[in-house]
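Please read the structure below before turning to the comments.
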Amino acid sequence: MINTIVPISIIQTAVSRLSEMNLYNLPFGKHFSDHMLEADYIDGKWINIQIRPYQPVCFNPALHALHYGQAIFEGIKAYANANGKASIFRLQESYNRFNQSALRLQMPPIEKQIFIEGIRQLVSLDNSWIPQYEDHSLYIRPFMFSTDDCLGVKPSENYKFMTILSPSGPYYSTPLKILVEEHYVRASPGGVGQAKVAGNYGSSMLAASRAKAEGYDQVLWMDAFEHKYVQEMGLMNFFFIRKGIAITPNLDEGTILKGITRDSCLTLLREMGYRIEERPLSIDEIAEAYNKKDDIELFGTGTAATISPIGTLRYRDLTMQFNVDQWRVAPDLKKSLMDIRKGITEDRHNWLTNV
Ligand SMILES: *Cc1c(COP(=O)(O)O)cnc(C)c1O
């Protein structure tokens, strides 16, 4: 059994909904497991730490988060391994990033014991909800929001932390069609681009809807000043492979989400013998490589979407099209990552937390 330091009270559901579920080919984020984790920040302390049946929560209409947007989240995945045991991928790194996001929005840090132990216990309780099919997993969504119930722009004094679990199939099942966005901007230096804050997604939706109306899955965000340097995609970091070199935009401007999958991919690519370049990457450089007919691969990386090859990239009048079935790097990388997550190859970097 798990050693608990913070007491987490557990109220188990009387009737599991699992028997009504088919865990195969589930849409992303539509179904939730039997239980949820919850804690309240009141009078400067985290209290009411509990796991209880998944259910609606009730609020005052003046709920601070709805008006002023102090809301952050994380995305993590749990996988069932070959021995039928479950592990959570890079839980510690998510915990660190969660508190960095919290700090950026002047929210209190969550205690490690609540985040790490709480999620571990929640996943352990609902571990039969982890789908075992290829490209399936249990998506873990921790989030925190402000709960003061009065108006006025200042940091809230009260917060709620929650975690819900969603058994999910693949996020994208076909190669991505991506449109280079040169008008709308996701993030600029000094802003909140590197934090996983809810507002970043609301503000991205107009551009994404317009791209969708033209038949694209997502936009590729460019830098705020010249619309020339690649940042990232909706919820994925961006990789460009050319001549044995793996190139991805550098993070030091603070405009790009510090993806944990990005970091895992850099580690694995380095081990696979690729030279890594984290540096400004212009869209012209990609177009030039395409026009020269170089062997290139473009893909997005993220917890939800794992490694998603880009089959079409449209930049102004140039529609770059790729035969992703002939690629080697993206599928190799995806397999290496999946083999670690599923316990098929050794967890050399200590990325797994056993449940
Ligand atoms: C979550 C997210 C990513 C991917 O991060 P991971 O830690 O790999 O899941 C990339 N970009 C944005 C904007 C994100 O929200």
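Order of listing sets the numbers, starting from 1, for every ligand and every atom in it. We use all heavy atoms of the structure for the numbers below, so side chains are in, but hydrogens, waters and symmetry mates are not.
More than 12 non-hydrogen atoms from other residues, nucleotides or ligands lie less than 6.0 angstrom from OH of Tyr201. Within a 6.0 Å radius of NZ in Lys112, no more than 12 heavy atoms belonging to other residues, nucleotides or ligands are found.
Side-chain contact between Phe239 and Ile307 is absent, with no heavy-atom pair separated by less than 4.5 Å. Looking only at side-chain heavy atoms (C-beta outward), Ile49 and Gln113 stay at 4.5 Å or farther from each other.
Counting only N and O atoms by type, the side chains of Asn158 and Thr147 include no donor and acceptor under 3.5 Å apart.
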(request) Evaluate the salt bridge (Lys or Arg N to Asp or Glu O under 4.0 Å) criterion for residues Lys177 and Glu214: first the C-alpha distance (whole Å), next the side-chain angles of each, then the deciding distance (0.1 Å), finally the verdict. (result) CA-CA 10 Å; Lys177 292 182 74 179; Glu214 288 188 53; over 6 Å; no

May I have a table of the N/O to N/O pairs between ligand 1 and the protein that fall below 3.5 Å, each row giving the two atom names and the distance to 0.1 Å?
unit_1: ligand 1; atom_1: 7 (O); unit_2: Arg97; atom_2: NH1; d: 2.8
unit_1: ligand 1; atom_1: 7 (O); unit_2: Arg97; atom_2: NH2; d: 3.0
unit_1: ligand 1; atom_1: 7 (O); unit_2: Ile260; atom_2: N; d: 2.7
unit_1: ligand 1; atom_1: 8 (O); unit_2: Ile260; atom_2: N; d: 3.3
unit_1: ligand 1; atom_1: 8 (O); unit_2: Thr261; atom_2: N; d: 2.8
unit_1: ligand 1; atom_1: 8 (O); unit_2: Thr261; atom_2: OG1; d: 2.6
unit_1: ligand 1; atom_1: 9 (O); unit_2: Thr303; atom_2: N; d: 2.8
unit_1: ligand 1; atom_1: 9 (O); unit_2: Thr303; atom_2: OG1; d: 2.6
unit_1: ligand 1; atom_1: 11 (N); unit_2: Glu232; atom_2: OE1; d: 2.4
unit_1: ligand 1; atom_1: 15 (O); unit_2: Lys196; atom_2: NZ; d: 2.7
unit_1: ligand 1; atom_1: 15 (O); unit_2: Tyr201; atom_2: OH; d: 2.3

